Amino acid sequence: MAQKRRIPYLVLVFIFFFIPSLLLAGFGVQMHTVTTGSMRPEIKPGDLIVTRLETMSIVKVGQVILFLDSTSKNPISHRVISVSKVDQSINVTTKGDSNPLPDGTITEPPSFKISRVVTVVAGMGWVVAALHTSIAKSILIFLLILLVIMYFLDKSNARKKKKDASKQAKHHSHIYEGTSHV
């Protein structure tokens, strides 16, 4: 009987959990949960926004960018309402779609990296936020440990079955050696 090849549990964990995160980070892609209603109706609290790092030189009016508030240092995602080049800097003014007034102007060199919102996934932000809680991390660590234990138990059982099959094959060969056919 041919032995089935199995992909070890640890390889599956690595493929499904770690590689996507590494790839996203390597390409400057990040995920953020929206917590305020300043971008309603297009982006609502609890939505997941996916951002990609780009230079200030390619920011355009109408795009939504993510930046840190200069006073609170909290991330804000607002729509670009004006872009201008002054000397060796780019001035970008933003405004939340549901806010009555624009934000202050962001002034940075053209090569400065800023996060541009590339997609919005409705409602998924709360799921991502929940996965970042300490209880969720504890559960994930527990599950990873459980997978490692299952992997080694599976390997141990496979070796035992192989050993038992080998003993049984030897036992059957001894029985047939002692039998004569007339």
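What you are looking at is a predicted structure, and each value in this text was computed from that prediction instead of being measured.
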Residue pair T107, N91: steps toward the side-chain hydrogen bond (donor to acceptor under 3.5 Å, both in side chains) verdict: CA-CA 5 Å; T107 302; N91 292 335; 2.7 Å; yes

Under 3.5 Å donor-acceptor, R52 side chain and V29 backbone: no

Test log, rule side-chain contact (heavy atoms from CB on, under 4.5 Å), inputs I76 and L66: CA-CA 5 Å; I76 297 175; L66 181 91; over 6 Å; no

Shared hydrophobic cluster for I141 and M150 (ILVMFWY, side-chain gaps under 4.5 Å): no

Separation between CG of L146 and CG of L144, rounded to the nearest 0.5 Å: 9.5 Å

Sub-4.5 Å side-chain heavy-atom contact between I90 and P110: yes

T33 (side chain) donor-acceptor with G125 (main chain) under 3.5 angstrom: yes

Side-chain touch I49/M31, heavy atoms, less than 4.5 angstrom: no

Test item: D87 side-chain N/O and S89 main-chain N/O as donor-acceptor pair under 3.5 Å: no

Shortest non-hydrogen separation from V117 to S77 and the atoms involved: CG2-CB, 4.4 Å

L153, CG: over 12 other non-hydrogen atoms inside 6.0 angstrom: yes

4.5 Å side-chain heavy-atom contact, T51 and V118: no

Side chains of T55 and K113 in contact at under 4.5 Å (non-hydrogen atoms): yes

Side chain to side chain, I106 and M56, heavy atoms closer than 4.5 Å: yes

Residues V120, V64; criterion side-chain contact (heavy atoms from CB on, under 4.5 Å); working and verdict: CA-CA 11 Å; V120 178; V64 177; over 6 Å; no

Hphob cluster co-occupancy, I65 + F112, side-chain heavy atoms under 4.5 angstrom: yes

Sidechain-backbone polar pair: S98 side chain, S38 backbone, donor-acceptor under 3.5 Å: yes

Under-4.0 Å salt bridge between E42 and R40: no

Check against side-chain contact (heavy atoms from CB on, under 4.5 Å), R116 and I114: CA-CA 6 Å; R116 182 175 63 87; I114 194 147; 5.9 Å; no

Side chain to side chain, Q63 and V59, heavy atoms closer than 4.5 Å: yes

Least distance between heavy atoms, S115 atom then L53 atom: OG-CD2, 3.5 Å

Test side chain to side chain donor-acceptor pair (under 3.5 Å) applied to T94 and D103, T105, N99, the passing residue: D103

A130 backbone acceptor or donor facing T133 side chain under 3.5 Å: yes

Within one Ile-Leu-Val-Met-Phe-Trp-Tyr cluster: V80 and F67, side-chain cutoff 4.5 Å: yes

same_hphob_cluster(I145, F142) at 4.5 Å side-chain heavy-atom cutoff: no

Step-by-step side-chain contact (heavy atoms from CB on, under 4.5 Å) determination, H78 to K95: CA-CA 5 Å; H78 283 172; K95 179 185 166 300; 5.8 Å; no

Cluster link V127 to V121, ILVMFWY, side chain under 4.5 Å: yes

